There are 2 protein chains.
Amino acid sequence: MLRLSKMTDYGVVVMGRLASRPDERQSAADVAANTGLPPATVGQVLKALATGGLVSGTRGAQGGYLLSRRPEAISVAEIVVALDGPVAITACVEGADDPCSVEATCLLKGSWDAVNIAIEDALKQVTLADMLAPLFQFNPPPTELREATP
Amino acid sequence: MLRLSKMTDYGVVVMGRLASRPDERQSAADVAANTGLPPATVGQVLKALATGGLVSGTRGAQGGYLLSRRPEAISVAEIVVALDGPVAITACVEGADDPCSVEATCLLKGSWDAVNIAIEDALKQVTLADMLAPLFQFNPPPTELREATP
DNA sequence: ATCTATTTGGACCAATCTACTCCTATTGGC
DNA sequence: GCCAATAGGAGTAGATTGGTCCAAATAGAT
């Protein structure tokens, strides 16, 4: 059903929590407690986000995670890539070893790429700040987003 | 990794095969033989496409499937919906019973909807004819698609 | 009218992937 | 030197998907 993984969903929630306290280092357990998500999984999500360079983790006592950029400078696409890997609608898009038996039918590949790019762009255009706009009033209201929402 | 199911991928290939012989009724076994896809699965794909109204199946001897509309009038979005169900990026988008523990965080829902709609639009804009353009020369060249493809 | 070929629709398995957990090592503050 | 917290790995149970099979219905042909 063209669904993205629950991890990405969690990722946005976790990032949202970090964004709500921009100057406060929060531990994984802390974030888990405040979001109600399973603690161990939150740890894994934050790890992946750190690997992706979206958050910076400092260890040791009084350690924790911090957003490495401002929410307006982080796109949803980046969160998706950090947690689910590169966006690839079909097996043909990335260089996966797929059983595209007949070569002729696989000429569709180019067309899937176009669809893939369109979806990627849609994800890139929405920033973390846009996602959180209903929650906290950062800046101007979420213009295009608001009219698209029913 | 934001991947759509293999069934949808098959669906486009199957539809492509039907489109290549617009006036010839082809059985599921026939399509399977010509595409190299597993026969039983092709049958299931065609069943779903028939339910979605994209193809019309006639039973009995000499029976088979036929596209119910011209390829230019069939969008990829319709194929996705027929095979994978409605496009729903996250659990929150459709009315699924999800464990969105803290209500505050679920205010993100509205924003996900916007992303969801953007993706849906991207799928709607591409027709079956566009997908098959590299294969058969239907009409004019696939304009926007071609420049998006690397 | 009967018979046969073929689609339809359902139930049913197996394999893959995901979400989640746990354990160990490393690192920074006290 | 000790404690707190991240980093990174492996490992497990459950859900979902891809694929198969069988009985029922239907339309053409005999």
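Every chain is numbered from 1, with letters handed out A, B, ... down the list of sequences. Predicted model only: the values in this text are computed from it and were never measured.
Shown here are the salt bridge (Lys or Arg N to Asp or Glu O under 4.0 Å) partners of B:Arg21, two or more places apart in sequence or in another chain: B:Glu24.
Following rounding to the nearest Å, A:Leu46 (CG) and C:dA19 (P) show an atom-to-atom distance of 16 Å. Between A:Gln44 atom CD and C:dT18 atom P the separation is 12 Å, expressed in whole Å. One can place CG of B:Asp84 at 12 Å from C1' of D:dT16, the figure rounded to the nearest angstrom. Rounded to whole Å, the distance from CG on B:Leu49 to C1' on C:dT7 is 14 Å. A straight line from CZ of A:Arg3 to P of C:dA19 spans 10 Å, rounded to a whole angstrom. B:Gln26 has its CD atom 14 Å from the P atom of C:dT6, to the nearest Å. Separating the CZ atom of B:Arg59 from the P atom of C:dT4 is a distance of 20 Å, rounded to the nearest angstrom.
Between A:Asp84 and B:Arg3, every side-chain heavy-atom pair lies at or beyond the 4.5 Å cut-off. You'll find the side chain of B:Arg69 reaches within 4.5 Å of the side chain of B:Glu78, heavy atoms only.
Minimum atom distance to the side chain of A:Ala61 is reached by C:dG29, of the listed D:dT20, C:dG29, D:dT6. Nearest nucleotide to the side chain of A:Met7, out of D:dA7, D:dT20, C:dC20: C:dC20. For B:Pro38, taking side-chain heavy atoms from C-beta onward, the closest of the listed nucleotides D:dG19, C:dC20, D:dA7 is D:dG19.
At the phosphate of C:dT7, neither OP1 nor OP2 sits under 4.0 Å from any side-chain N or O atom of B:Thr58. Note on B:Ser27: a side-chain N or O is less than 4.0 Å away from OP1 or OP2 of C:dT7. Within the structure, a side-chain polar atom (N or O) of A:Tyr10 is placed less than 4.0 Å from OP1 or OP2 of C:dC20.
Nucleotides of DNA chain D nearest to A:Gly60 and A:Thr51 differ in position, and the one nearer the 5' end is that of A:Gly60.
Side chain B:Lys47 to base C:dG9: a donor-acceptor pair is found below 3.5 Å.
Using a 4.0 Å heavy-atom cutoff across all strands shown, A:Ala29 reaches no nucleic acid atom at all.
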